[in-house]
Amino acid sequence: MSLFDAFSYRDKRVVVVGGATGMGNATARLAQDAGANVVVMDYADCDLPGVTAIRVNLADRNSIDTAVAECGGTVNALFACAGVADGPGIERINFIGHRHLIERLRAEDMLPRGSAIGFISSAAGLAWRSNLPQLTEFLDILDFDTAAAWALDNGCAHYMFTKQAVCAYVAREAMDLISDGIRINAICPGPTDTPLARANAELWLDFGADYRAKVGVAAATAMEQAYPLLFLCSDAARVVNGITMVTDSGYLSAGITEVFPAGTPMAKMLLDG
């Protein structure tokens with residue numbers, strides 16, 4: 001035993017939702033390398049050797065229930081990495097489905113004391129504090145179908161609102177979850193080179209390019225985002241709960257403090273909505 005064992009996933013079982021591609025795939029590979037027994041839940045096929053693959057459609061409540069039943073057993077860490085940029089069902093895939101999966105795991109006593117949940121949010125969700133009254137109204141709706149209908153009826157079935165919902169959910173559920181010994185946190189990645197980002201390259205990968213050129217860094221790799229996500233769900237982060245960690249190489253901080261003036265308007269927009 002060593003002090004550094006707190007960072008290890010040896011003898012732990014983790015579930016990575018969205019582990020077939022992108023940051024989810026990097027998270028699954030890193031958890032496996034850290035010693036974990038990895039279960040990947042995804043709508044896409046997962047060809048990562050040594051993992052248990054379970055098909056799930058986050059837009060379908062019955063599919064989630066079936067996937068949880070197939071998974072069974074203890075889950076020491078749940079990584080909620082799946083997401084889409086747009087399209088039908090975005091409100092379910094990006095948030096409602098993840099929440100339902102967490103609720104099913106808790107109902108089946110699959111998340112023991114000492115377990116942790118890690119979400120991938122987005123810069124699009126940073127203004128959640130400014131929109132908290134509307135988000136609270138939405139989050140108070142616990143029924144899967146009713147919540148989805150509310151999002152559609154209120155014009156909130158889009159990327160920005162779903163990512164705000166993730167950030168708000170992490171913050172407001174942290175106290176209740178820690179009472180059962182479960183921690184919950186999220187990362188908020190800056191531009192990251194993934195298949196989803198490349199499909200929206202003009203919007204996502206060009207974002208902050210002027211800042212990265214000035215400081216001499218590249219867009220993050222998926223693995224560089226997996227590192228802090230795994231940390232947040234490790235025993236080393238035992239006192240970290242209810243936060244959204246911004247992982248953007250300092251772009252937002254530079255904009256807020258106006259040391260990078262070109263980023264200040266965007267930082268204000270991202271934080272104030």
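Quick note: residue numbers are just sequence positions, from 1. Nothing here was measured: the structure is a model prediction, and the numbers come from that model.
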Quick check: does any side chain N or O of N154 sit under 3.5 Å from a backbone N or O of C156, one acting as donor and the other as acceptor?
no
So, T247 and Q225: side-chain donor and acceptor under 3.5 Å apart, yes or no?
yes
Quick one: sort the Y9 and F79 rings into parallel, tilted or perpendicular, breaks at 30° and 60°.
tilted
Using the benzene-type ring in the case of Trp, are the ring centres of F207 and Y251 under 6.0 Å apart?
yes
Is T146 reaching over with its side chain to a backbone N or O of D143, donor-acceptor style, under 3.5 angstrom?
no
Would you call R212-D248 a salt bridge at under 4.0 Å N-O?
no
Would you say T192's side chain and G190's backbone share a donor-acceptor pair under 3.5 angstrom?
yes
Is R238 reaching over with its side chain to a backbone N or O of R183, donor-acceptor style, under 3.5 angstrom?
no
Under a 4.5 Å side-chain heavy-atom rule over Ile, Leu, Val, Met, Phe, Trp and Tyr, are V14 and I64 clustered together?
no
If you count every heavy atom of other residues, nucleotides or ligands that lies below 6.0 Å from D47 atom CG, does the total exceed 12?
no
Side chains of S63 and N57: do they bring a donor and an acceptor to under 3.5 Å?
no
Would E91 and W150 count as having a side-chain donor-acceptor pair, cut-off 3.5 Å?
no
Is it the case that atom CG in D45 sees more than 12 heavy atoms from other parts of the structure closer than 6.0 Å?
no
Backbone N/O of R13 and side chain of N76: donor-acceptor pair under 3.5 Å
yes
Is it the case that one hydrophobic cluster holds both L135 and L142, taking links as side-chain heavy atoms less than 4.5 Å apart, direct or via other members?
no
Please confirm whether the backbone N or O of R92 pairs with a side-chain atom of R99, one donor and one acceptor, at under 3.5 Å?
no
Within the side chain of N185, is there an N or O that forms a donor-acceptor pair under 3.5 Å with the backbone of G118?
no
Heavy-atom count around R106 CZ within 6.0 Å, excluding the residue itself: above 12?
yes
Give a yes or no on whether M23 and V84 share a hydrophobic cluster (residues Ile, Leu, Val, Met, Phe, Trp, Tyr; joining criterion: side-chain heavy atoms under 4.5 Å apart).
no
Counting N and O atoms only, with roles assigned by atom type, does the side chain of K163 sit under 3.5 Å from a partner on the main chain of I120, one being a donor and the other an acceptor?
yes
Using a 3.5 Å distance criterion without hydrogens, assess whether the side chain of T221 forms a donor-acceptor pair with backbone atoms of E224.
yes
Backbone N or O of S2 within a donor-acceptor pair of the D5 side chain at under 3.5 Å?
yes
Please check if the number of heavy atoms outside M175 that lie under 6.0 Å from its CE is greater than 12.
no
CE (M245) with more than 12 external heavy atoms under 6.0 Å:
yes
Does R55 qualify as a cation-pi partner of Y43, given the criterion of NZ or CZ under 6.0 Å from the six-membered ring centre and within 45 degrees of its axis?
yes
Does D65 come within less than 4.0 Å of R104, counting only side-chain N to carboxylate O?
yes
Close aromatic pair by centroid cut-off 6.0 Å: F138 and F161:
yes
